Every structure is written in structure tokens, then in C-alpha cells.
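Have a look at the structure below, then the notes.
Letters A, B, ... mirror the listed sequences (proteins, then strands); counts begin at 1. Please read all numbers here as calculations on a predicted model, not as lab measurements.
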Amino acid sequence: MADNEEKSLTAESSSTSAKPSVAGENREPITEKKKCGDVEEVSVATELNRLSIKEEEKRDSVLHEPEDSNIEAVISGDTVYTSASRFEDLNLSPELIKGLYVEMRFEKPSKIQAITLPMIMTPPYKHLIAQSHNGSGKTTCFVLGMLSRVDPTLSKTQALCICPTRELANQNMEVLQKMGKFTGITAQVFVPTGVPVAKQAPVSPHVAVGTPGTLKKWMTYEKLDLSHLKILVFDEADHMLATDGFKDDSLKIMKDIEYQKKKKNLDTSFQVLLFSATFNETVRKFVEKIVKGDPNKLFVERKALTLDSVKQYKVVCPEEQNKIEVIKDQIMELGDIGQTIIFVETKVSADKLHKALAEMGYDVTSIHGSMTVADRDTVVKEFKANLTQVLIATDVIARGFDQKQVNLVVNYNLPCTYNTEEPNYEVYLHRVGRAGRFGGKGAVFNLLLDDGWDKEAMEKIEKYFGANVKEITTWNSEEEYKGALKEAGILG
DNA sequence: AAAAAAG
């Protein structure tokens, strides 16, 4: 109930939405253009290199960026976008600027923010498909994008963000509320609460954030009117539009928005932003078809996606039971290494591992989709408050979950693709990305069995990302684990 | 068989 109450972000009086300049007068454009049909292939590598030298000098900035070379950008149309080296370059309202500095405590845009924010905010508002590394600041891109495009004086829902899980929806809502605290913009999260949607009163927050099922419900019961929508965001877009993900729901919501607009004889167009750290070839092709009319695109080369700051290790355990011993003896007894997430494949194995460790007297929590929403919320709240140190999880929190203190990720099982022999490369990358947020240090332990599939899958993953995954050669050697964690920089 | 969902 409380979750679905409309929340005002207001702390001060509102202002009209800001419009950024089309191109900076005194700044150099980020692009070197090469004509290629009606689309221009644009290399931003030169600019990025220049930026990284600059950033090297200012070491103490809040946002530490992982290396962002190997980015490929395609800009459509004639608009020249200028990389925003400061938030002031974006013509944001003073209230939004205040939110960025005072509430978020940002100093300047991260690389992905510097590049995409002008693309998002400059009219004509083009669609954007943007890929960038885990922990590089994508959320700020689309949250700021939504906030900057909302007119606070118009009491209509103008921005919508669709997320794959309630946890991510809640997390994005928190960021939005913080960033927009001084703007007067209202926002509401749409996730299951236990109260039937049919019994809810109609609402019209400026910004809506939610999960597909609940959003669909609110729309079909005509409790949420999106006929004035200006901007639609898909967080974890590759999963939101994947066949084995939320493709049908996502397309249905897009159709319903158009229908709502048509019914009121309003312009049916709206800007679409697609953000993710991963876009495999299949999804990428499909995604490019979804957003019509030459979207701006930003992609990262696959081999450049793994974070250098997060060291990866693998260890072959003779028996399944040994995995629990590794967790017990090598991880639970380490002392101060920050927080840990242990990923398992199924809900049942999450419960089993939780029970096993609890019986040995260890203080762990777990989260998966069969738990009550109240329990899920509590577990996340406690973990985010640093009250718990070890969290066992299914892939509910594989994507997007942002907790800076997570230094260690354990893959109790390697992620596999359902009904195939293939490992799930995307999920692997997302899990690993829970550690080392915003350039922080991290380590990953992959617990393998000696049964063939595990080792093969691990090798495929290494090859796919060109990753260096070092082997811990003796599964029960304390020195080796400690050495690994010291090497990763998370053990003193 | 992860996830979302008064399906």
C-alpha cells in the first residue's frame, strides 16, 4: 500500500522543464563524421581518450569510470551533439542541478552520461539505444532524461520507466526521488502490493516506474493514463525485449500507450530509451526494429565489457558438497571484505543453501521470486543498509542491483540458458557486475564441478568476453583464496 | 524453470 502511494519529490516550488542547447557554442563536437548512406558512422574514441586524460588529473571525482574505449556510436540525422563535460552544459533547471550536486553528490557526468544526455535532451527527441558497462551510471542517464523532459506544471504522466523486477523498480524510484527532490515532480512506483488494482483510485504522477504486469493492470483498469507520455524508458532493455524475457508485455504496453493517445486524438509519438550493459546479436537486431526512425545508438564491443577492476577466479570442486565447504571455510571466515552475493540457479537451491549455512550458525539472508513481497523488501532493505553481509540470490537481482559495498560475487552455479547446453553469457556479465560498482574493486569466484559441462561453459564464457579467469588450483587451499582476494584488492 | 502476474 505505502509503496503505491503517490510521492511528491517536492522540497521547493517547481519550475518549468529545462531545454538544453542544440550544440555548445564554445565546445568541440564529440563526433568525427563519416558519411554512410543516410546514417553517419561516428567515432567517439578520440574524444573519449581525450576525456580520460583529463579525468586522470582529477582523481578525486565522485564518479570513477571504468575504461570506456571501444564504444561505437551511430548518430542519425543532422543534429550535432556536444559531449557534456559538466551538468551545466545541459540547460537543466536550477532545481535539477541542485538535486545532482546536493542530493546525489555528483561532481560531473560520467562518460556515458556526457555522451547520452545531450542525445536524450536535444530536440528533435530521437530514440536512443545505449549500451554501457555495469556500474557506469546508466540509471542517471535515463532518470535525468525523464526528469528533464517532464513539465511539472502539467498534471499528467509524461514519463514511464519499465523494469524487469520489483527490486529494480524500487531502486530506480529511489534514485528518481533523490535526484528530483527539488523539482516538484511527482512519481509513483507500480509493483505488486497485495491490494487489487481494481480497487485503487486513478492516479497521474508525472513519472511512473514499474514492472510490466502491474503496469499493464493499471492501464487496462484505466487507472493510469499515459496519453500524455513523452518519454518511455526500458531499463535492462535487452531482457525487456527478449523472447524469453518480457518481449510480449513490453510490446503490449507500447501498443496500449499509442492506443490511449489515439483515442484522445493526441500525437501518438513518444521518445524511447533503451539501456543495458548487454545486447546480444539477436536482441540487438530486434531492438533496432522496435524503435523506428533512425535511433541514436551506442554500443560497446563485447570484449571490452568485462571490468578490469573486477578480478575473476574459478575453482573446480570435486563434489557438490565441497561448494558449501568453500563458502563456509573460505568466504564466511574471511572477516572484513565488504558484502557478498552468492548466485544460485534455482529458488529451491537458494533455500537449501540458506538453510545449510544457517544451520552451521552463519548469518545469511536470501532472496528469490517465491518469497512474499514483504520478505523480499525486508531482505533488500537490510542488505542495502549494510545490516547483513552475505546474500544468497537467484537471478532476481542479477541485473541492475546497485550496492556499492558488494566486493565479492560467488557463482555457486554458472548461469545456463534454459533448454540448451549454452551458458548464459549476458547473465554472467550482469552477475559479475554486482561487484565493483562505479569503478570500485571486486572479485568473482566461480564454483565449478568436475563434470564436463561446468568447465566447458566456463571456457566458453572466457572466450566470449575475452576474459581472464584465473584458476584456484587447490579447492580447499586457504592461501590461494586469500591470495586471490588480496590480488583483487579487497583483502588487506 | 529465473522473472512478472489478482494470472
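- Counting to the nearest Å, the C1' atom of dA4(B) and the CD1 atom of I397(A) are 17 Å from each other.
- Contact check, T165(A) against dA4(B): no side-chain N or O comes under 4.0 Å of OP1 or OP2.
- Rounded to an integer number of Å, the gap from I162(A) CD1 to dA3(B) P is 20 Å.
- Rounded to whole angstrom, the span from the CG atom of D351(A) across to the P atom of dA2(B) amounts to 11 Å.
- As judged by a 4.0 angstrom heavy-atom cut-off over every strand, N419(A) is placed among residues making no nucleic acid contact.
- As rounded to whole Å, 14 Å separates atom C1' of dA4(B) from atom CG of D244(A).
- Within 4.0 Å (heavy atoms only), K347(A) reaches sugar-phosphate atoms of the nucleic acid but no base atom.
- Put simply, T211(A) has no side-chain N or O that comes within less than 4.0 Å of OP1 or OP2 on dA4(B).
- The backbone N or O of T394(A) lies less than 3.5 Å from no partner atom in the side chain of E345(A), so there is not a single donor-acceptor pair.
- Going from atom CD of E236(A) over to atom P of dA4(B) covers 13 Å, rounded to whole Å.
- Counting heavy atoms from C-beta on, the side chains of E167(A) and V396(A) come closer than 4.5 Å.
- Taking 4.0 angstrom as the limit, T214(A) places a side-chain polar atom (N or O) nearer than this to OP1 or OP2 of dA6(B).
- A stacking contact between F246(A) and dA3(B) is absent: the pair does not combine a ring-centre distance of less than 5.5 Å to the base's six-membered ring with planes differing by less than 30°.
- As judged by a 4.0 angstrom heavy-atom cut-off over every strand, R431(A) is placed among residues making no nucleic acid contact.
- Regarding D248(A), its CG atom lies at a distance of 14 Å from the C1' atom of dA3(B), rounded to whole Å.
- Contact annotation for H368(A): backbone-only contact, meaning every heavy-atom pair under 4.0 Å involves sugar-phosphate atoms and none involves a base.
- Contact check on K230(A) versus D151(A) returns no salt bridge, with no Lys/Arg side-chain nitrogen under 4.0 Å from an Asp/Glu carboxylate oxygen.
- Using a 4.0 Å heavy-atom criterion, one finds that P164(A) contacts the sugar-phosphate atoms exclusively.
- Remark: K460(A) fails to qualify as a cation-pi partner of F465(A) under the 6.0 Å distance and 45° angle criteria applied to the six-membered ring.
- For the pair I342(A) CD1 and dA2(B) P, the interatomic distance rounds to 18 Å; values are reported in whole Å.
- At whole-Å resolution of the value, OH in Y221(A) and C1' in dA5(B) are 12 Å apart.
- Checking the phosphate oxygens (OP1, OP2) of dA4(B), a side-chain nitrogen or oxygen of R376(A) falls inside 4.0 Å.
- Heavy atoms from other residues, nucleotides or ligands lying under 6.0 Å from CG of D451(A) number more than 12.
- The base of dA2(B) sits with one of its N or O atoms less than 3.5 Å from a complementary donor or acceptor on the side chain of H239(A).
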